[in-house]
Protein chains: 2
Amino acid sequence: MPQEFRCDCPFTSALDILGDKWMLVIVKQMLLEGKETFKDFTESDEAIATNILSTKLKLLEELGIIVKTQRPNNKKTNLYLLTDKGLALTPILVELATWSDKYLRDIHPTIVNGEGVQLLRHDKSAFAGMMLHKYREKLDKVM
Amino acid sequence: MPQEFRCDCPFTSALDILGDKWMLVIVKQMLLEGKETFKDFTESDEAIATNILSTKLKLLEELGIIVKTQRPNNKKTNLYLLTDKGLALTPILVELATWSDKYLRDIHPTIVNGEGVQLLRHDKSAFAGMMLHKYREKLDKVM
DNA sequence: TCAAATCGCTTGCAAATCGCAAGTTATTCA
DNA sequence: TGAATAACTTGCGATTTGCAAGCGATTTGA
């Protein structure tokens with residue numbers, strides 16, 4: 001199924017792809033929580049259903065945001081890894097979390113407030129840089 | 001209906017609210033295209049259905065992202081205006097469009113590429129600053 | 001070596017959401 | 001005062017979401 005776009009606006013077009021409850025959550029889980037196998041995703045807090053996970057992973061792959069690979073000696077477990085196109089979503093994630101941190105705590109007081117959030121609040125680009133660095137290191141090891 | 005959150009992750013919580021096809025499109029139309037009445041929204045390219053528009057405006061208002069007002073001498077037309085909480089979504093919009101500009105053109109070649117996009121590409125924060133400045137000027141006039 | 005466990009899905013079905021078209025109410029304009 | 005306009009609301013069919021169960025391929029362990 002070829003991706004449909006509502007119009008030629010760059011803002012809206014991004015939302016045609018990313019504007020749902022799961023796409024960016026999956027990217028976040030890969031980038032920040034080190035998830036890489038189908039099972040990893042199903043075991044998370046956020047508990048995405050397997051049929052939806054399957055659909056979204058397929059879509060993310062079609063779009064070139066992730067790639068599907070295997071480890072050399074394991075035919076059973078698939079690995080899903082972020083491409084550059086996927087890693088380029090980091091600034092969006094950072095801005096989403098920044099907004100949450102500042103404006104959502106009053107209606108959702110249990111939002112986490114640990115080390116990561118402190119760094120994010122204090123130095124956004126350091127946070128982004130660190131996440132990207134860590135992920136690229138992991139890619140080196142895996143591939 | 002009180003907003004539900006899947007978990008305590010700031011990234012995911014932002015998406016619980018903003019993660020759909022319309023919420024950020026409406027904010028974009030207000031910030032960048034000067035839309036402020038119900039009719040304005042229904043007349044756009046993106047053609048949101050009136051029932052959905054109605055629901056989303058209500059939700060945005062509940063969340064404090066917009067406020068609903070009237071002009072002094074007109075009881076018919078409602079004005080929807082961005083609050084500070086809503087204006088704080090600007091960086092998210094900017095990052096979404098930046099990503100589109102860089103990574104979506106190959107699968108969606110007709111994405112606009114005018115003056116605005118040029119500025120966005122060349123100087124993101126100038127673009128954001130300009131949009132915010134323009135919107136605040138308008139607020140001064142209206143209120 | 002073969003039975004059990006694990007992984008990565010797919011399928012069926014029910015519930016929720018989306019979205020078009022038409023209708024309703026209140027306000028303003030001529 | 002009658003027509004036009006703005007802002008919705010309602011009905012209903014189509015699509016999407018999400019739970020539960022199942023299934024085939026691979027791997028592990030006795």
Side-chain angles (χ1 to χ4, degrees), chain A residues 1-7 12 15-26 29-30 33-63 66-81 142, chain B residues 1-7 12 15-26 29-30 33-63 66-81 142:
Chain A
M1 52 175 115
Q3 182 68 40
E4 294 279 320
F5 293 97
R6 277 174 280 190
C7 62
T12 306
L15 293 166
D16 283 331
I17 287 177
L18 305 170
D20 84 330
K21 281 184 121 52
W22 291 114
M23 295 287 275
L24 284 173
V25 168
I26 293 173
Q29 293 186 347
M30 297 175 80
E33 297 165 14
K35 299 198 189 297
E36 52 188 19
T37 67
F38 196 91
K39 188 150 187 288
D40 286 344
F41 294 110
T42 62
E43 281 170 350
S44 85
D45 272 13
E46 288 136 356
I48 184 168
T50 57
N51 55 344
I52 296 169
L53 178 58
S54 173
T55 306
K56 297 299 178 185
L57 287 174
K58 224 164 277 170
L59 182 55
L60 285 166
E61 198 191 354
E62 265 176 43
L63 290 165
I66 65 175
V67 282
K68 185 174 174 176
T69 359
Q70 312 232 121
R71 271 186 244 269
N73 49 2
N74 185 333
K75 292 192 173 179
K76 189 173 160 187
T77 306
N78 294 325
L79 285 187
Y80 298 93
L81 298 172
V142 161
Chain B
M1 51 177 112
Q3 183 67 40
E4 294 279 320
F5 292 98
R6 277 173 281 190
C7 61
T12 306
L15 292 166
D16 283 331
I17 287 177
L18 305 171
D20 84 331
K21 281 185 121 51
W22 291 113
M23 294 288 275
L24 284 173
V25 168
I26 292 173
Q29 293 186 348
M30 296 175 81
E33 297 165 14
K35 299 199 189 297
E36 52 187 19
T37 68
F38 196 92
K39 190 152 186 288
D40 286 344
F41 293 110
T42 62
E43 281 170 349
S44 85
D45 271 13
E46 287 136 358
I48 184 168
T50 57
N51 55 344
I52 296 170
L53 178 58
S54 173
T55 306
K56 297 299 178 185
L57 287 173
K58 225 165 276 170
L59 182 55
L60 285 166
E61 198 190 355
E62 266 175 44
L63 291 165
I66 64 174
V67 283
K68 184 174 175 176
T69 358
Q70 312 232 123
R71 272 185 243 270
N73 49 2
N74 183 334
K75 291 193 173 179
K76 189 174 162 187
T77 307
N78 294 325
L79 286 186
Y80 298 94
L81 299 171
V142 161

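Here is how names work: the chains are called A, B, and so on, in the same order as the sequence lines, proteins then strands, and each is numbered from 1.
- Separating the NZ atom of B/Lys56 from the P atom of D/dC8 is a distance of 16 Å, rounded to the nearest angstrom.
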- request: Give the intermediate values and the outcome of side chain to side chain contact (heavy atoms under 4.5 Å, CB included) for residues A/Lys68 and A/Lys58.
  value: CA-CA 9 Å; A/Lys68 185 174 174 176; A/Lys58 224 164 277 170; over 6 Å; no
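- Ion pairing of B/Glu61 with B/Lys56 is absent here, as no side-chain N (NZ or NE/NH1/NH2) approaches a carboxylate O to less than 4.0 Å.
- A pairwise comparison of heavy atoms in A/Phe5 and A/Asp16 identifies CA-OD2, 3.4 Å as the closest pair.
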Are there any protein N/O atoms within less than 3.5 Å of an N/O atom in nucleotides 9-12 of chain C, and if so, which ones and at what distance?
residue: C/dC9; atom: OP1; partner: A/Lys68; partner atom: NZ; Å: 3.2
residue: C/dC9; atom: OP2; partner: A/Asn78; partner atom: ND2; Å: 2.9
residue: C/dC9; atom: OP2; partner: A/Tyr80; partner atom: OH; Å: 2.1
residue: C/dT10; atom: OP1; partner: A/Lys58; partner atom: NZ; Å: 3.3
residue: C/dT10; atom: OP2; partner: A/Ser54; partner atom: OG; Å: 2.8
residue: C/dT10; atom: OP2; partner: A/Lys58; partner atom: NZ; Å: 3.1
residue: C/dT10; atom: O4; partner: A/Thr50; partner atom: OG1; Å: 2.9

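- Checked options A/Ile26, A/Thr42, A/Leu57; the residue passing with A/Ile48 is A/Ile26 (criterion: side chain to side chain contact (heavy atoms under 4.5 Å, CB included)).
- B/Ile52 has its CD1 atom 14 Å from the C1' atom of D/dG11, to the nearest Å.
- Between the C1' atom of C/dC18 and the CD1 atom of B/Ile26 lies a distance of 14 Å, rounded to the nearest Å.
- No donor-acceptor distance shorter than 3.5 angstrom exists from the side chain of B/Gln29 to the backbone of B/Glu33, with no hydrogens or angles considered.
- Among the nucleotides C/dC20, C/dC18, C/dC7, the one closest to any side-chain atom of B/Ala49 is C/dC20.
- Nucleotide D/dT26 holds its P atom 16 Å from the CG atom of A/Leu79, rounded to whole Å.
- The nearest whole Å value for the distance from the NZ atom in A/Lys21 to the C1' atom in C/dA16 is 12 Å.
- Look at CZ on A/Arg6: it is 8 Å from P on C/dG19, rounded to the nearest Å.
- Look at CD on B/Glu4: it is 13 Å from P on D/dG18, rounded to the nearest Å.
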query: After noting the C-alpha distance and the side-chain angles of B/Arg6 and A/Val25, does the key distance pass the side chain to side chain contact (heavy atoms under 4.5 Å, CB included) rule?
result: CA-CA 11 Å; B/Arg6 277 173 281 190; A/Val25 168; 3.9 Å; yes
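- Here B/Lys21 does not pair with B/Glu46 in a salt bridge; the nearest charged N to carboxylate O distance is not below 4.0 Å.
- Using a 4.0 Å heavy-atom criterion, one finds that A/Thr42 contacts no nucleic acid atom at all.
- Regarding B/Asp20, its CG atom lies at a distance of 7 Å from the P atom of C/dC18, rounded to whole Å.
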Set out, line by line, the N/O atom pairs under 3.5 Å between protein and nucleotides 26-30 of chain C.
residue: C/dT27; atom: O3'; partner: B/Lys76; partner atom: N; Å: 3.4
residue: C/dT28; atom: OP1; partner: B/Lys75; partner atom: N; Å: 2.5

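- A donor-acceptor pair under 3.5 Å links the side-chain atoms of B/Thr55 to the main chain of B/Asn51, judged by distance alone.
- Within the 4.0 Å cut-off from OP1 or OP2 of D/dT17, not a single side-chain nitrogen or oxygen of A/Trp22 is found.
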query: For B/Leu59 and B/Met23, what are the C-alpha separation, side-chain angles and deciding distance, and is it a side chain to side chain contact (heavy atoms under 4.5 Å, CB included)?
result: CA-CA 9 Å; B/Leu59 182 55; B/Met23 294 288 275; 3.9 Å; yes
